[in-house]
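Below is one structure; the comments refer to it alone.
When a ligand or atom number is given, it counts from 1 through the structure's own listing order.
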Amino acid sequence: MEQALTGGASPASGVRMLPTYVGSTPHGNEQGNFVVLELGASGASLRVLWVTLTGIKGQRVEPKSQEFVIPQEVVLGTGQQLFDFAARCLSEFLDAHSVGSQGLQLGFNFSFPCHQTSLDRSTLISWTKGFRCSGVEGQDVVQLLREAIQRQGGYSIEVVAVVNDTVGTMMGCEPAVGPCEIGLVVDTGTNACYMEEARHVAVLDEDRGRTCISIEWGSFNDDRALGPVLTTFDHALDHASLNPGAQRFEKMIGGLYLGELVRLVLVHLAQNRVLFGGYTSPALLSQGSILLEHVTEMEDPSSGVARVHAILQDLGLSPETSDAELVQRVCAAVCSRAAQLCAAALVAILSHLQHSREQQTLQVAVATGGRVLERHPRFQSILQETVTLLASECDVSFVPSVDGGGRGVAMVTAVAARLAYHRRLLEKTLAPFRLSCEQLAAVRTQMRDAMAKGLRGEPSSLRMLPTYIRATPDGSERGDFLALDLGGTNFRVLLVRVTEGGVQIINQIYSIPESVAQGSGQKLFDHIVDCIVDFQEKQGLRGQSLPLGFTFSFPCKQLGLDQGILLNWTKGFNASGCEGQDVVYLLREAIRRKQAMELNVVAIVNDTVGTMMSCGYEDPRCEMGLIVGTGTNACYMEELRNVAGVPGDSGHMCINMEWGAFGDDGSLGMLSTCFDEMVDQASINPGKQRFEKMISGMYLGEIVRHILLHLTSLGVLFRGQQTQRLQTRDIFKTKFLSEIESDSLALRQVRAILEDLGLSLTSDDALIVLEVCQAVSRRAAQLCGAGVAAVVEKIRENRGLEELTVSVGVDGTLYKVHPHFASLVAATVRELAPRCVVTFLQSEDGSGKGAALVTAVACRLARV
Ligand code: 0WK
Ligand code: BGC
Ligand code: BGC
């Protein structure tokens, strides 16, 4: 068991430990009417039930049911024959019980070993118990049933769950105390399930709660354990069976085999003249002539020796009384061993639970089902006695299932139906975030149109601001420079030394309190100068006049390299008296107020430009800068001839696109969701930066939070319990998306983060939160990719190239930290700009270095 749970199973052990995706025992509030289809629980028969769950503890409605015998040619025929037969029986039952024809929800009780990947997706591993329909092993049996129901027509039946009979048995029982946590079936076959700690199940990325595991102990065949127990009769039975070598443990316990074992022993004793005077009848010699019912009757003390005689005579034998008594003893031996082996296996579960729950005394209820347990006179008692013997420190109560698990299957179906309904609500909520290739291509084309209009100086949501940067560095830059980097997560002051050997950087991070970012412009620039002066003192630079490059990551209309008019604040900044002002002038004014006269502001650059320059220093093909951090934006080298308002027809000019504002003219309306509207309306700049608000770090967490609130209000999440914390703005950080979407331990991350937010959640909740984060970040990355595709395609067409090879310098926390963002952007660019080979260079030193390089170029040009 432990080997298989940890995924390290050696085929030897044979038990499969299959997750069933049943994560909790019944709450008792499941309600509704459900069709249950049972296949394989009790031999070549199929049962259809109509189960009504009242949702009121102890209030039971007797299920309607009908049994159908499956013809042998179907049991050994094709899978299609079997599932068509099942669909016909379903219709016959529904015709007979007039329970309506629309919106029927069905739970499929399929009692064979299956790899389940969800409550409604299950692949058959191998047939057992005399079934051997072709074309089913390795297939999803839910899909096969759905197709058969489709072919049958007449009823709209939704198959919402597939359940193993042991799980149905466990879920269906209502013990006096506490839920049943083990389900045991001994019918034609045998198996058990139990509630395991989710963290012990390697294939499930879960660390809390419990999950139901179907052990499939029928295939237990550990030679060391079974070797000494297996008899020649077991080997003979196995050899003649439909599946030799398989289900060896089941073939010693299951009702399909007990009769045959007895027969083989009787033949052996007869051939050794111990029985029937050495006579063996053709019936006695024919396989399968002694059934479970025969064994049960022959063993039943109440039916007595007379009944044994009758059965043996039916087999063409004329038994003496001594023969009859000996036959009874053979039956008893075979069945006692079966019950004892079953008990030993059950005790293995009990000791595993005792161990994993670190309980001195384990108290547990075992739901039991199956005709061997129900009808065999002594099986149950031997089982219980042996369990008590082998597990004296466990307090085990056995609870016979009342309807063979039909209710249990309906319970699981009710849970599955609720989950399926929630899934549909989730899909409906997230559908607007799933952008098609056509939608992304439309964004690329719209951005191209807006770029062209912006460059021509026509009204456009893309301002396409000339930066007066005409070339990327050529490596001849030299000197020491101060640089400021304002506008991202951190405000940094840097000393940048550019030498032949490369660039050395010393920097210090300073905070910009919200009160300063949203206070007066004078206070903001005074704070900036205070930080510079503090940095100079720490670096022993006071009194040294170093050229200063200012990375100012906000939309500025540049009138020159050292003149930039702030058009509007973004990203939570809102300092007064700055918009419409030359921020270099504002900085110089603050320098003057603070008498830091040695500061010589030479250049102001946008962080996209600084990033492009910084990466261009290493890779001259870098002609685009991209920021995906708190905000988002891009710049690139445009042909000067295409830039209206800047004289000159040759050469290039770096254009700051300010693509954060793309769609502010409503052109992205078709993509905007109600959640985007909520985030925009709650922002300090409603209607502005719409593209940014769908992509960047300042907003993704808020989009997710609004979606989680919406799903909670629908009852899809957190059982519909809204919490104060989750209603708090900005409480769900964008960095949570990166943590949650990290491939390893994803669900544990979700749980840890949301519990910190005071939310108690189920594993289904955790999965839904993960999906919401994935949908929001994926859309952001794809939109960003569509933007990059528009730009590189523009550069390619500018140069009339068949194919363009270009590099893009990138910076920004979201792009750098999110586990999938960068690869999704690259994939979208490959899709939307197939004729461009684009390399993304993550900037190591930030745009401060870029600002220093721009300053160095300006100083070099000023010297010539
Ligand atoms: C680091 C750059 C800076 C830019 C920032 C953006 O040096 O200029 O503004 O990245 O990323 P964020 O800090 O907003 O995540
Ligand atoms: C199957 C199990 C089933 C058991 C009892 C075995 O043959 O492999 O899935 O639970 O029979 O029906
Ligand atoms: C600003 C841009 C900046 C971007 C990334 C946006 O909000 O408008 O100027 O490049 O954020 O920091």
If the cut-off is 4.0 Å to any non-hydrogen atom of [X], which atoms of ligand 2 fall inside it?
{"X": "E216", "value": "1 (C), 2 (C), 8 (O), 9 (O)"}
{"X": "N164", "value": "2 (C), 3 (C), 9 (O), 10 (O)"}
{"X": "T128", "value": "1 (C), 6 (C), 7 (O), 8 (O)"}

Inset, instruction - Kindly check if C173 and C180 bring their SG atoms closer than 2.5 angstrom. - result: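 With an SG-SG separation under 2.5 Å, C180 and C173 do form a disulfide.
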Inset, instruction - Check each of D676, N685, T570 against K693 using the side-chain hydrogen bond (donor to acceptor under 3.5 Å, both in side chains) test, and report the only one that passes. - result: N685
Specify the protein heavy atom at minimum distance from [atom]: its residue, its atom name, and the distance to 0.1 Å.
{"atom": "atom 9 (O) of ligand 1", "answer": "D607 OD2, 2.8 Å"}
{"atom": "atom 5 (C) of ligand 1", "answer": "G488 CA, 4.3 Å"}
{"atom": "atom 11 (O) of ligand 1", "answer": "G812 CA, 3.1 Å"}
{"atom": "atom 12 (P) of ligand 1", "answer": "T489 OG1, 3.2 Å"}
{"atom": "atom 7 (O) of ligand 1", "answer": "D485 OD2, 2.5 Å"}

Legend entry - T190 and ligand 2 - part of the residue with a heavy-atom distance under 4.0 Å: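 Within the 4.0 Å criterion, T190 contacts ligand 2 through backbone atoms alone.
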Inset, instruction - Check the side chains of N507 and K849 for a donor-acceptor pair under 3.5 angstrom, ignoring hydrogens and angles. - result: no
Legend entry - Pair N633, D607: side-chain N/O donor-acceptor within cut-off below 3.5 Å: no
Inset, instruction - Consider ligand 2: state whether an atom of it lies below 4.0 angstrom from any non-hydrogen atom of G218. - result: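 Distance cut 4.0 Å: G218 fails for ligand 2.
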Between [X] and [Y], how do the two ring planes meet: parallel, tilted or perpendicular, split at 30° and 60°?
{"X": "H818", "Y": "H820", "answer": "perpendicular"}
{"X": "Y815", "Y": "F821", "answer": "perpendicular"}
{"X": "F736", "Y": "F732", "answer": "perpendicular"}
{"X": "H376", "Y": "F379", "answer": "perpendicular"}

Looking at [X], which atoms of ligand 1 are within less than 4.0 Å of one of its heavy atoms?
{"X": "T630", "result": "12 (P), 14 (O), 15 (O)"}
{"X": "G846", "result": "7 (O)"}
{"X": "I627", "result": "6 (C)"}

Legend entry - First-shell residues of ligand 3 [heavy atom, distance under 4.0 Å]: S553, F554, P555, T570, K571, N606, D607, T608, I627, G631, T632, N633, E658, Q689, E692
Inset, instruction - Answer yes when R371 and D187 have at least one side-chain N-carboxylate O distance shorter than 4.0 Å, and no when they do not. - result: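 Judged by the 4.0 Å cut-off on N to carboxylate O distance, R371 and D187 do form a salt bridge.
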Legend entry - NZ/NE/NH1/NH2 to OD/OE distance under 4.0 Å, R248 and D234: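 Salt bridge between R248 and D234, a charged N being under 4.0 Å from a carboxylate O: no.
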Legend entry - Sequence-distant partners of E260, salt bridge (Lys or Arg N to Asp or Glu O under 4.0 Å), two or more places apart: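 Result, salt bridge (Lys or Arg N to Asp or Glu O under 4.0 Å) vs E260: R263.
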Inset, instruction - Can you see which heavy atom on C556 is nearest to which on V583, and at what distance? - result: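 Taking C556 first and V583 second, the nearest heavy atoms are SG-CG2, 4.3 Å.
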Inset, instruction - Of the side chain and backbone of S847, name the one, both, or neither that has a heavy atom under 4.0 Å from an atom of ligand 1. - result: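 Contact part for S847 vs ligand 1: both backbone and side chain.
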Inset, instruction - Nearest heavy atom to atom 1 (C) of ligand 1 wins, so pick from V810, D811, L484. - result: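 Residue with the shortest heavy-atom distance to the ligand atom: D811.
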Legend entry - contact_flag G610 ligand 1 heavy-atom lt 4.0 Å: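 No, G610 has no heavy atoms under 4.0 Å from ligand 1.
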